[in-house]
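Start at 1 with the first residue, then count along the sequence. Whatever order the structure lists ligands and atoms in, that order sets their numbers, starting from 1.
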Amino acid sequence: MGITVAFGGKGGTGKTTIAGLLIRYMIKNGMKPVLAIDADANSNLNDVLGVKLEETLSDAREMMKKDVPSGMTKDVFMEMKMEQALVEGDGFDLIAMGRPEGAGCYCAANNLLSSLIDRLMKNYDYLVVDNEAGMEHFSRLTQKDVDLLLLVSDPSRRGLTAACRIMDLVKSLPIRVNQTALVVNQLQAEPTSWPQDVLDTFSKDQITILPADPLLAQFDMEGKPTSMLPADAPIVKAADALFTRLLAKDK
Ligand SMILES: Nc1ncnc2c1ncn2[C@@H]1O[C@H](COP(=O)(O)OP(=O)(O)O)[C@@H](O)[C@H]1O
Ligand SMILES: [Mg+2]
């Protein structure tokens with residue numbers, strides 16, 4: 001049984017970092033192969049995972065509008081570009097969506113991309129989708145049910161309100177979400193109370209916290225992939241415990 005995990009939340013709250021930690025957790029626990037989908041226009045999941053990104057799918061979509069070699073159908077061209085955009089890591093593959101569409105009509109290219117991605121996803125038991133705050137790409141992945149939606153926030157009212165808003169947005173999409181959790185990142189201890197909109201949107205047992213970890217910050221500053229933190233780093237231990245608790249329900 002495969003598992004699809006999607007991330008959402010305001011920018012800068014830790015989505016990509018936690019997605020990287022989850023991918024590492026999955027590989028460590030034999031939950032392979034993983035397809036990591038970087039659905040943030042500002043792709044950087046590859047940095048967290050320590051792999052190099054050559055191309056994104058939006059590069060392919062732009063090229064489909066004007067640079068398809070003669071004698072090649074658009075379908076074949078896009079399939080080839082998708083294979084080129086797929087990065088092979090150790091226990092996972094990564095694909096980056098790139099920028100959502102600019103001006104002009106991209107319907108044909110987007111439809112083609114969606115069906116190619118749907119087909120690609122079928123090759124993997126585990127999917128991790130790192131989204132941007134607006135969830136633009138996510139709203140297009142209509143073929144797939146999400147087992148676990150992790151909404152990440154920093155300990156700020158704006159971050160928490162953004163998580164609540166994304167929760168509402170997701171409810172309006174034709175995507176079935178099995179389980180949702182609010183992860184308040186960079187918080188050392190549970191506050192005595194949460195803002196009302198948080199309590200209206202999430203039940204208490206859906207809310208968890210993850211600590212700020214100076215070693216993570218140091219790795220980040222030094223440009224080291226944060227998914228390679230030592231196993232005893234506080235953030236790794238806390239994140240692993242969280243994943244075990246959340247994913248156990250799906251087994
Ligand atoms: N628990 C944490 N402790 C210390 N630094 C963190 C923690 N979580 C995230 N960061 C740092 O915060 C910044 C934003 O994290 P990132 O994962 O890129 O956020 P997002 O993907 O939501 O934009 C990064 O520099 C990251 O290293
Ligand atoms: Mg990110």
Side-chain angles (χ1 to χ4, degrees), residues 5-26 34-53 56-58 87 89 92 94-100 127-138 141 148-167 169-170 180-191 207-243 246:
V5 182
F7 284 82
K10 194 171 82 71
T13 53
K15 295 180 295 295
T16 304
T17 302
I18 300 169
L21 292 170
L22 172 64
I23 291 162
R24 164 199 170 130
Y25 171 92
M26 286 177 155
V34 183
L35 176 63
I37 300 181
D38 188 340
D40 190 333
N42 210 336
S43 321
N44 60 3
L45 182 57
N46 63 296
D47 290 332
V48 163
L49 294 170
V51 293
K52 221 169 144 239
L53 199 64
T56 70
L57 290 179
S58 69
V87 181
F92 67 89
L94 168 74
I95 196 145
M97 308 285 283
R99 299 173 314 281
L127 288 181
V128 176
V129 190
D130 180 20
N131 290 290
E132 61 192 338
M135 309 287 272
E136 277 89 353
H137 288 301
F138 186 72
L141 298 177
L148 175 62
L149 176 66
L150 287 178
L151 295 177
V152 182
S153 176
D154 50 14
S156 76
R157 185 171 281 270
R158 281 201 318 161
L160 293 167
T161 299
C164 294
R165 255 193 242 125
I166 294 165
M167 186 72 235
L169 168 74
V170 169
T180 309
L182 172 64
V183 180
V184 187
N185 187 25
Q186 308 225 37
L187 193 58
Q188 304 309 124
E190 288 248 4
I207 309 173
T208 38
I209 62 171
L210 285 178
D213 189 335
L215 189 59
L216 177 71
Q218 191 189 323
F219 264 57
D220 186 80
M221 286 301 274
E222 291 171 1
K224 287 195 222 161
T226 50
S227 64
M228 287 173 190
L229 283 162
D232 62 355
I235 187 68
V236 176
K237 287 205 279 188
D240 283 2
L242 172 65
F243 300 144
L246 294 171

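- Interatomic distance, CG of L49 versus CG of N44, reported as 10.0 Å (0.5 Å rounding).
- Per-atom contact check: atom 26 (C) of ligand 1 touches the protein, criterion being a heavy-atom distance below 4.0 Å.
- Looking at atom 21 (O) of ligand 1, its nearest protein heavy atom turns out to be T16 OG1, 2.7 Å.
- Separation of atoms CD1 (I235) and OG1 (T226) is listed at 9.5 Å; rounding is to 0.5 Å.
- No heavy atom of V152 sits closer than 4.0 Å to any atom of ligand 1.
- Q186 NE2, 3.4 Å is the protein heavy atom nearest to atom 10 (N) of ligand 1.
- Residue N185 touches ligand 1 through its side chain alone, judged by heavy-atom distances below 4.0 Å.
- Remark: minimum distance from atom 3 (N) of ligand 1 to any protein heavy atom is reached at D213 N, 2.9 Å.
- Near G11, meaning under 4.0 Å from any of its heavy atoms, are these atoms of ligand 1: 23 (O).
- D40 CG to T56 OG1: the interatomic distance, rounded to the nearest 0.5 Å, is 11.5 Å.
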Next on the checklist: Between L150 and V5, does the side-chain contact (heavy atoms from CB on, under 4.5 Å) criterion hold? Intermediate values first, please.
Outcome noted: CA-CA 7 Å; L150 287 178; V5 182; 4.1 Å; yes
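- Side-chain contact between E132 and N42 is absent, with no heavy-atom pair separated by less than 4.5 Å.
- Annotation: atom 19 (O) of ligand 1 to nearest protein heavy atom, G14 N, 2.9 Å.
- Every atom of ligand 1 with a heavy atom of A212 under 4.0 Å away is listed here by number and element: 1 (N), 2 (C), 3 (N).
- Using a 4.0 angstrom heavy-atom cutoff, T13 counts as in contact with ligand 1.
- Taking atom 7 (C) of ligand 1 as the reference point, the nearest protein heavy-atom neighbour is L216 CD2, 3.0 Å.
- Taking atom 14 (C) of ligand 1 as the reference point, the nearest protein heavy-atom neighbour is G12 O, 3.8 Å.
- The CG atom of L229 lies 13.0 Å from the NZ atom of K237; values are rounded to the nearest 0.5 Å.
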Next on the checklist: side-chain contact (heavy atoms from CB on, under 4.5 Å), that's the test. Do D154 and K10 meet it? Break it down for me.
Outcome noted: CA-CA 8 Å; D154 50 14; K10 194 171 82 71; 3.9 Å; yes
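- Not a single heavy atom of G9 sits closer than 4.0 Å to an atom of ligand 1.
- Considering only heavy atoms from C-beta on, V184 stays 4.5 Å or farther from P191 through its side chain.
- Atoms of ligand 1 lying under 4.0 Å from any heavy atom of K15, numbered from 1 in the order shown and given with element: 17 (O), 19 (O), 20 (P), 21 (O), 22 (O), 23 (O).
- Two residues are said to be in side-chain contact when any heavy atoms from C-beta on lie closer than 4.5 Å; F7 and V128 meet this criterion.
- The backbone and the side chain of T17 each have at least one atom closer than 4.0 Å to an atom of ligand 1 (non-hydrogen atoms only).
- The protein non-hydrogen atom at the shortest distance from atom 24 (C) of ligand 1 is D220 OD1, 3.8 Å.
- Residue K10 places a heavy atom under 4.0 Å from ligand 1.
- With hydrogens left out, the protein atom closest to atom 1 (N) of ligand 1 is P211 O, 2.9 Å, a heavy atom.
- I235 counts as a contact of ligand 1, since one of its heavy atoms falls under 4.0 Å from the ligand.
- Interatomic distance, CG of N46 versus CG of L53, reported as 4.5 Å (0.5 Å rounding).
- How far NZ of K15 is from CG of L22: 15.0 Å, rounded to the nearest 0.5 Å.
- The shortest side-chain heavy-atom distance between I37 and V129 falls under the 4.5 Å cut-off.
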Item to check | Evaluation steps, side-chain contact (heavy atoms from CB on, under 4.5 Å), between T16 and D47 | outcome: CA-CA 9 Å; T16 304; D47 290 332; over 6 Å; no
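- Protein atoms of type N, O or S found under 2.8 Å from the Mg ion (ligand 2) total 1.
- Taking the side chain as every heavy atom from C-beta outward, V236 and R24 approach each other to under 4.5 Å.
- Residues V48 and F219 fail the side-chain proximity criterion, which asks for heavy atoms closer than 4.5 Å.
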